[in-house]
Participant: 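I have a structure I would like to understand better, so I am pasting it below and will then ask my questions one at a time.
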Amino acid sequence: MRPLLEKKIPLALVFIIGIIMTLQYFVPHPISQTIYDNSLMWNRAIASMAYIMAVVSFLRFHSRRLKDKNYAPYSLVAILSFAAMALIGFIGGTGSDSLFQKMYNNMMVPLQATTFSLLAFYMSSAAYRAFRIRGVEATVLMITAFIIIFGTTTIGNYVPKMNEIVEWIMAVPNLASKRGIMIGVGLGVVATSIKIILGIERNWVGG
Amino acid sequence: MSVRDFFIKLSKIDRKYIYLVILIGLIIPLIFPPRFPQKMSPQVKRVFEYIDTLPKGSYVILSADYDPSVAPEVHPMYKAVVKHCILRGVIPIGMTLGVQGAGLALDAFTEAERVLEARRDTDYVFLGYQAGGAVVILGLGEDIKSVYKTDYFGTKTTDIYALKPVKNYRDIALVISFSGSALPATWAVYAYTKYGVKVAAAVTGVSAGDFYPYIQAGQFIGMLAGMKAAAEYEDAVNRILKEKGIGKFSTSAIRMMDANSIGQLLIILFIIIGNIGYFLSRRRK
Amino acid sequence: MLLKTILFMLFLSPPRVFSPDGTGKKLTIVLDIPDAIRPQITTLNLVRECSDGKVDTLDILPFLKAYTDNSLSYKKDYRYKILAYSNGNLIFESEWSEYIRPTAKWFDKDKLPLFIAMMLFTIIMIYYIAQARANKPLYLRPIAGLEAVNEAIGRATEMGRPIIYINGLTGISDIATIAALNILSHVTKRAGQFETRIVVPCYDPVVYTIAREIVKEAYTTIGRPDLFNPDDVYFATDSQFGYAAHVAARMVREQSATNFFMGYYFAESLILSETGASTGAIQVAGTDSVAQLPFFVVTCDYTLIGEELYAASAYLSREPLLTGTIKAQDLAKLLLVVVMVLLSISSLFKVNITLGLF
Amino acid sequence: MHISTNLWIWIQALLTLAIFTFLYKDNPLFRMAEHLFVGLATGYGLVVVYKNAFYPNVWVPLFQEKQFIFIIPFVLGLLYLTSAFPKISYMIRWPMAVLLGIGSGLSIPLTIQTYIIEQSKSSILRPPYPDLISWINALILFVGVVSVLVYFYFSIPHDRPGVKQISKVGLFLLMLGFGASFGYTVMARFSLLVGRLDFLLNKWLGIRPF
């Protein structure tokens with residue numbers, strides 16, 4: 001009974017739903033349109049509840065860490081701030097001048113923005129100590145980076161044609177390289193989706 | 001200690017000093033802004049001139065699809081474009097597909113009221129947030145007043161004087177999507193390809209590269225990308241303000257872009273010095 | 001002028017109506033109104049009568065040549081009539097068109113080329129995975145990066161200092177993490193032969209448990225189970241920057257001779273590769289996170305770019321699923337390049353072939 | 001220079017400084033700020049997902065509009081709760097299967113169309129081009145995309161005569177593309193840092209630029 005529930009049913013579900021959803025793209029018939037609209041509704045409904053898993057793993061991880069002496073205070077802060085933010089949001093509402101929104105603008109944003117702004121410092125020390133021009137590839141990369149870094153400064157405006165050069169690099173060679181990568185990524189995504197639907201890729205049901 | 005040893009030692013100094021140099025290098029221009037004169041780059045010029053040459057009384061939708069985390073780059077653009085429209089007698093219709101965009105857009109319109117004495121529902125309209133993303137974009141193609149029954153302040157859109165002649169995209173000269181994500185592409189696909197309304201993007205520097213395929217395919221009339229575009233647009237609007245004798249300028253983007261420029265030049269300097277030290281030490285081995 | 005237009009009313013013809021697509025919801029009505037009276041029309045009405053008797057009048061824009069009526073039902077019949085007014089008085093009225101039912105088709109012919117392309121790729125996928133599973137010889141070119149990996153291991157053996165190997169910051173469901181774990185197995189086996197220590201700090205608890213098994217199993221296959229040291233393969237922390245700081249500190253403390261960064265990375269990757277470079281270690285990276293690749297290329301001695309990471313792990317592990325997928329994607333790329341080249345050449349000779357897709 | 005008296009500005013400033021302490025070294029203050037962020041973000045996510053996704057897509061149709069068909073997605077969604085109990089946590093695979101099925105099914109035709117066909121279609125040479133510049137650009141785009149694809153081709157050794165040069169061109173263009181995104185990333189990271197410093201100087205300490 002167990003393999004049926006754990007493996008057979010999920011794989012059958014993914015196969016049937018996958019085939020129907022792939023084919024409906026090619027069927028203009030109104031029935032296919034209703035299938036499409038309903039599937040999006042079901043998708044939104046189930047996906048909205050998938051967040052439960054994120055909260056469960058968050059709470060389980062940090063409650064287990066409360067027992068560990070040197071992590072306890074931090075996990076306590078994590079759990080309390082989670083509870084506070086959730087309660088304030090559900091009770092106080094999320095209007096643009098609600099406490100919830102104020103906490104977002106004045107606590108979450110500065111924490112996130114500052115964490116990422118650290119990278120400007122790391123980039124500077126890396127630029128100084130680690131960005132070495134070794135080999136043709138790194139040289140090509142560095143020269144292009146120089147042009148873009150200098151070209152996107154206000155002072156760069158004063159080198160004649162600099163704006164146009166930056167524009168050309170972004171619109172032609174950079175576009176060619178991004179397109180090549182996008183085609184590769186596209187093939188990867190389609191290959192993975194086919195393997196999942198046909199039940200070839202099974203590690204999401206434990207291999 | 002020969003010049004070679006000096007450079008080798010220089011390229012090995014502790015990273016804390018480098019952080020200090022960066023910190024000072026950014027703080028000085030924020031307090032004493034050098035105000036490097038701006039010059040408009042091609043993409044910014046396309047958006048600016050499009051709005052600048054619109055006949056009086058035409059309508060532009062400004063969708064604030066960004067959140068505070070990308071505000072340093074995108075918010076100054078929104079404020080500058082709102083002022084630019086009002087100064088040219090073009091009526092901006094503010095809206096947002098993201099919850100956090102509402103507060104930021106409101107801030108831009110309140111500033112326009114303070115600086116230009118703009119009157120709500122005559123010189124500008126602010127419709128606020130609507131859930132649904134692409135579904136909302138499609139809805140505006142049919143009937144704006146059915147998608148937004150009331151504006152941000154609760155007034156019925158049918159009662160708003162400025163919105164009288166507006167029904168859907170046919171009455172809109174341009175839509176600009178301000179965003180740090182891929183939403184401008186959604187506007188291109190659903191608003192331009194389906195309804196033919198002209199679309200422009202105002203995005204962060206990092207995501208600029210991803211929108212060039214849309215520009216090349218003609219789906220965007222232009223793009224404002226990164227802090228540099230914000231500073232250029234802000235400077236152009238300040239020039240119009242000076243022409244009209246309005247004293248209150250905003251220089252936040254210009255000041256921050258000057259600091260940014262110095263930071264970026266420092267990076268180039270660091271790479272050069274670091275590599276000199278590296279080459280000298282390698283030849284010695 | 002009015003007299004002339006009324007005369008025109010006599011030679012009126014019913015509007016042509018047809019289904020523009022197979023959705024069974026739309027009908028397109030061609031408004032063939034004589035041009036002579038077009039300019040005078042101020043309002044144009046389209047009257048629709050449904051087989052269930054319901055009649056509607058649609059106010060449409062006067063200059064339109066054709067109008068597509070939608071949200072109809074494919075189970076009912078409809079007919080249309082045109083009424084044109086010139087500021088209030090009727091100047092043109094067409095006859096009723098025939099009753100017509102919006103057609104609902106089961107296959108959209110315009111999407112046939114896309115359907116063929118999709119089926120072709122699916123067949124190629126199934127073929128190659130079947131070949132790989134029956135372990136038929138599937139040629140994969142040697143990956144330059146793997147020579148760099150082996151050299152880097154040799155360097156650590158010479159210097160007698162440990163290797164630090166990290167598997168990226170994403171979970172086990174990410175292809176890049178699976179590839180990283182495959183290469184970990186290869187590196188451990190080679191390092192084990194020279195008793196070079198390998199340290200594997202992990203970011204994700206699940207990846208940690210798998211990495212530990214891989215290292216233990218790798219040592220047993222080369223006959224040296226004693227080399228496995230549980231303290232060297234451990235779960236460090238799950239905070240992005242905390243992890244980067246921890247691994248950077250470990251690099252400095254252990255003075256590792258070689259660092260491997262395989263798998264998917266976020267912005268913190270810069271802290272890792274910068275510290276490693278400043279300790280003078282040889283560094284080899286392999287990732288498909290396009291945003292971090294520039295930083296790895298300039299700080300590491302060698303970098304496996306995007307799909308090269310998958311190809312390297314397939315080359316080493318010969319795992320059928322991975323090898324088959326890469327071979328299938330290769331064939332798809334080959335076909336795509338051939339099509340692009342042929343279509344470009346043909347359009348140079350003014351022959352624009354599109355195959356319905358391009 | 002008049003320091004701000006607004007509580008929220010002070011909270012923002014203190015949190016910003018707490019994160020900056022990481023520059024010196026990893027310390028308890030930074031860890032506290034980091035865990036505060038993780039907690040707030042999870043709480044924020046729960047509220048926003050409930051208000052913008054769960055309530056309009058599940059609660060309203062099922063309990064207010066009484067569309068009882070929604071019981072199935074609702075029950076499937078509840079199965080996510082089993083992730084808290086290891087013995088029965090395999091049940092999350094059923095809602096996952098539905099999402100994976102819909103997701104994979106929808107993505108195949110769309111990805112082929114937008115990622116593979118669209119990108120290669122706009123790289124094919126379609127003369128006549130208006131002027132020399134657009135001729136050169138079209139050629140670079142075409143050669144560029146083809147050579148990048150050849151670089152990521154693993155079924156033929158790279159040292160073959162023709163393949164060697166083409167994949168070299170591909171690698172060259174890849175490096176050029178990485179250089180471009182490297183440059184824009186530098187600008188973006190500094191914009192964030194300048195934004196934070198401008199907040200500290202201007203809004204918190206009230207130092208107006210001269």
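Lettering of chains follows the sequences in order, A, B, ..., and the numbering in each one begins at 1.
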Participant: Identify which of A/Ser125, A/Gly135, A/Ser32 forms the greatest number of heavy-atom pairs closer than 4.5 Å to chain C.
Facilitator: A/Ser125
Participant: Does any heavy atom of chain C fall under 4.5 Å from the side chain of A/Tyr25, the backbone, both, or neither of them?
Facilitator: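 Contact with chain C is through both the backbone and side chain of A/Tyr25.
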Participant: For chain C, which candidate among A/Met123, A/Lys195, A/Lys178 shows the most heavy-atom pairs at distances under 4.5 Å?
Facilitator: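 The candidate making the most pairs under 4.5 Å is A/Lys195.
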Participant: Closest heavy-atom contact between A/Val27 and C/Trp106?
Facilitator: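 Between these two residues, the closest heavy atoms are CG2-O, 3.4 Å.
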Participant: Once you measure the plane-to-plane angle for A/His29 and C/Tyr74, does it fall in the parallel (<30°), tilted (30-60°) or perpendicular (>60°) bin?
Facilitator: perpendicular
Participant: Under 4.5 Å, heavy atom to heavy atom: which of residues 179-193 of chain A reach chain C? Give them by number, or say none.
Facilitator: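 A/Ile181, A/Ile183, A/Gly184, A/Leu187, A/Gly188, A/Val190, A/Ala191, A/Thr192, listed by number.
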Participant: Between C/Ile178 and chain A, which part of the residue has a heavy atom less than 4.5 Å away: side chain, backbone, both or neither?
Facilitator: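 Contact with chain A involves the side chain of C/Ile178 alone.
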Participant: Quick one: CD on C/Glu268 to CG on A/Leu119, what's the gap to the nearest 0.5 Å?
Facilitator: 8.5 Å
Participant: Using side-chain heavy atoms (C-beta onward) and a distance below 4.5 Å, is C/Thr325 in contact with A/Glu201?
Facilitator: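 SC-SC contact between C/Thr325 and A/Glu201 ruled out.
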Participant: Are more than 12 heavy atoms from other residues, nucleotides or ligands located less than 6.0 Å from atom OH of C/Tyr127?
Facilitator: no
Participant: Tell me, side chain or backbone of C/Thr299 under 4.5 Å from chain A's heavy atoms, or both, or neither?
Facilitator: both
Participant: Tell me whether the count of non-hydrogen atoms from other residues, nucleotides or ligands lying under 6.0 Å of CZ in A/Phe146 goes above 12.
Facilitator: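 Yes, enclosed.
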Participant: Side chain from CB out, backbone as N, CA, C, O: work out which of these in C/Leu112 comes under 4.5 Å of a heavy atom of chain A, or both, or neither.
Facilitator: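 Looking at C/Leu112, nothing touches chain A.
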Participant: Could you tell me which portion of C/Ile305 (side chain, backbone, both or neither) has an atom closer than 4.5 angstrom to a non-hydrogen atom of chain A?
Facilitator: neither
Participant: Side chain, backbone, both or neither: which part of C/Ile326 has an atom under 4.5 Å from a heavy atom of chain A?
Facilitator: neither
Participant: Under a 4.5 Å cut-off applied to non-hydrogen side-chain atoms, are A/Gln33 and C/Thr23 in contact?
Facilitator: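 Of all side-chain heavy-atom pairs linking C/Thr23 with A/Gln33, none is under 4.5 Å.
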Participant: Chain A: which of C/Asp110, C/Val297, C/Leu114 shares the most heavy-atom pairs with it under 4.5 Å?
Facilitator: C/Leu114
Participant: For C/Ala328, is it the side chain, the backbone, both or neither that has a heavy atom under 4.5 Å from a heavy atom of chain A?
Facilitator: neither
Participant: A/Met142 versus chain C, heavy atoms under 4.5 Å apart: side chain, backbone, both or neither?
Facilitator: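 For A/Met142, side-chain heavy atoms alone lie under 4.5 Å from chain C.
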Participant: Once the angle between the rings of C/Phe115 and A/Phe26 is folded into 0 to 90°, is it parallel (under 30°), tilted (30 to 60°) or perpendicular (over 60°)?
Facilitator: perpendicular
Participant: Distance from A/Tyr122 atom OH to C/Phe241 atom CZ, nearest 0.5 Å?
Facilitator: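 Answer for the OH-CZ pair, A/Tyr122 versus C/Phe241, is 7.0 Å.
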Participant: Which of residues 13-23 of chain A have a heavy atom under 4.5 Å from any heavy atom of chain C?
Facilitator: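 Those residues of residues 13-23 of chain A which have a heavy atom under 4.5 Å from chain C are A/Thr22, A/Leu23.
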Participant: Name the region of C/Asp21, side chain, backbone, both or neither, that has any atom closer than 4.5 Å to a heavy atom of chain A.
Facilitator: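 Neither part.
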Participant: Measure distances from C/Gln329 to the heavy atoms of chain A and classify the residue's part below 4.5 Å as side chain, backbone, both or neither.
Facilitator: both
Participant: What's the spacing between C/Ile129 CD1 and A/Leu198 CG if we round to 0.5 Å?
Facilitator: 8.5 Å
Participant: Does C/Lys25 reach the main-chain N or O of A/Pro30 with its side chain, forming a donor-acceptor pair under 3.5 Å?
Facilitator: no
